[in-house]
Amino acid sequence: MLPSGVRRLSGPRCLGRPAPASLRLPVLLVLPVLLLGLLLAAAAPASAHTVLRAADPADGTVLRTAPRHVTLRFSESVGLPADSFRVYDPGNHRVRTAPADHAPGRSDTARVTLPARLAPGTYTVAWRVVSADSHPVSGALTFSVGERTAAPPAPPPAEDPATTALYTVARHLAYLSLALLLGAAAFVAYCRPPTAAHLRAPALAAAGTLLAATAAGYLLRAPYEQGTSPATALTASALARTATTRPGLLLLARIGLLLLVAAGAALLRRRRVRLPRRTTLAVGAVLAVALSLTWPASGHAAAGTQVPVAIVSATLHLLAMAAWLGGLAALLWTLRRVPAPDGLPASVPARFSRLATASVTVLVLTGAYQSWRGLGSWQALTSTAYGRTLLAKLAAVAVLLLAAACSRAWTTRLTKAPTVPHPRALRRSVLAEAAVATVVLALTTLLTGTAPGRAATESAQTGTAPETGIPAASVTTLPFDTGAPGGHGKVQITLNPGRVGQNSVQAVVYGPDGGLSAVPELRVTLTLPDRRVGPLDTRVTDRGGYWATDAFTLPLSGTWTLKATVRVSALDQVTVSAPVRVAR
């Protein structure tokens, strides 16, 4: 007997029969949406989550004597993967250096020791570190000993696109499978369908996918940190090094938890032991929390302010997401698989509606906190990649809530109607929820690979590029041609840091052959037309191979016109110009 007012979902087209063709198409549309989200996120490069605050020597400087170290100071603690510093001499040959390490007592400062003697010329330093939230950060800088030489070729790429794509796909699959696994468990525990046998196969598939994706993430972790090919994943040194890092240890802990659950379930099944319901629920809750903790403990929550509160919030957010979206998938599977003639009790979708409401409440509260912590300001919603991705996720969640409201309305009708309506509309609204949920999951995973708004804002304020950590000095190259034989080339002008206030100006002239060219006169000015400021003369002076001034003040932000007057002989000179953006 059913409780009063609760009826079973049955009818002329019972749930146990194959779905009509009109319902098969929406089901098939869910997978392409998910795959599209995976591919879009995999194609996006990971953003820098720490900011380079200072470098010694600073980018673009000319030193009288060779430095003994290159030192970089970041906004948070960083890890040093193998080969994290690569130094190239003026001929673009790799300079042999000692392994990089941290400055004494400073986990946020990395340094590499240089050889005792360095030849005169311009050197390039390519670096790659791992931020506190487990994402690699890379960049490059140059310094010159004695004099500038021709700009060296760019260093090799800092990351392998194949490794980045594979690692990102593994992270997506891990999120998706966790949601399906924990959501199915929450659905069975709270909604109490008449039978759970039909959910065993998808739950096992989700567990297997989670284990495989986690193992793949562990194997790819060292190549991902170092920016090397996936072919280096199985080397003993790479596997051993990953085991000493926090992300690697958390991945191993996740694998251990999954294997422990599998071994325990197999042992209980072999001995035909059935645990009491309360014991099963308690053990399941502990394992679910422990499993979910392995994500925020190495993500955004592990870096920045209020780390303990952030980790708790992120864990609750992940559990609520799994209960809602994974439970949604379990409900959809149940609606299609419960056999006739009894059908599905209306209490099951009614219970899920309450579970979803509680999950949404937790998601809203924890999401609001995480958004405040990650953004830092309202302006970051539109001015940073993190904010724009968050807006897209909020829009997708709004659509998801709308679909959930439709499902809730149909659940209420199925529970209270004097006659039993056909559940096709309920299944359609649940299918719509599932389709939008895949987009939400993809955007959620994309957020974990995007620099928080606070970090992006700080990087702009400190003069470092938010995506790479390279100092944001303004470098402008102006081709020139006086019309005389041999009177053409280019002048490269660097404003450092290229912001309002005091700047240094350095200019290098290259001749027709691409080598350094000595010119008798060079004048560099800047004008801000819309504010009628200028021209301001930088008063650069010849310093033997290049022209420079150490103190030039830019009073206002905006788009300035940079002009260079190059005189190559007593009679031949030319003036060339280009716009230059000056930030606050």
Side-chain angles (χ1 to χ4, degrees), residues 133 175-176 178-183 185-187 189-191 281 284-286 288-329 331 350-382 384 386-408 411 433 436-450 452-455:
D133 57 8
Y175 267 110
L176 177 63
L178 177 75
L180 294 177
L181 178 62
L182 298 187
F187 179 80
Y190 183 77
C191 300
L281 292 177
V286 170
V289 172
L291 195 61
S292 300
L293 266 172
T294 61
W295 270 271
S298 64
H300 286 164
T305 60
Q306 305 176 353
V307 170
V309 177
I311 289 180
V312 172
S313 174
T315 303
L316 292 175
H317 194 84
L318 191 58
L319 288 170
M321 179 272 296
W324 183 21
L325 303 185
L328 184 67
L331 174 61
R351 283 177 174 270
F352 176 75
S353 180
R354 293 194 291 272
L355 176 64
T357 301
S359 299
V360 169
T361 302
V362 174
L363 285 171
V364 169
L365 294 176
T366 57
Y369 168 75
Q370 291 173 200
S371 299
W372 166 81
R373 184 174 180 269
L375 283 171
S377 65
W378 288 109
Q379 291 79 7
L381 269 174
T382 55
T384 66
Y386 183 90
R388 291 188 289 270
T389 306
L390 179 62
L391 287 176
K393 178 184 174 180
L394 292 176
V397 169
V399 176
L400 189 57
L401 289 173
L402 187 60
C406 295
S407 297
R408 185 177 179 85
T411 299
E433 284 187 74
V436 180
T438 59
V439 178
V440 173
L441 279 173
L443 291 171
T444 299
T445 312
L446 187 58
L447 271 177
T448 65
T450 304
R454 288 180 184 269

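By convention here, the first residue in the shown sequence is residue 1.
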Looking only at non-hydrogen atoms, find the nearest pair between [X] and [Y] and report the distance.
{"X": "Thr315", "Y": "Pro296", "value": "OG1-CG, 3.3 Å"}
{"X": "Arg351", "Y": "Cys191", "value": "CD-O, 3.4 Å"}
{"X": "Ser292", "Y": "Leu182", "value": "OG-CD1, 3.6 Å"}
{"X": "Leu178", "Y": "Ala322", "value": "O-CB, 4.3 Å"}
{"X": "His317", "Y": "Thr366", "value": "ND1-OG1, 2.8 Å"}
{"X": "Gly327", "Y": "Phe187", "value": "O-CD1, 3.9 Å"}

Any side-chain heavy-atom pair of Trp324 and Leu355 under 4.5 Å: no

Pairwise side-chain contact, Tyr175 with Trp295, heavy-atom cut-off 4.5 Å (strictly under): yes

Atom pair CG (Leu181) and CG (Leu291), whose distance is rounded to the nearest 0.5 Å: 7.0 Å

Approximate separation, where rounding is to 0.5 Å, of Leu316 CG and Ile311 CD1: 12.0 Å

Thr294 side-chain N/O to Ala290 backbone N/O, donor-acceptor pair under 3.5 Å: no

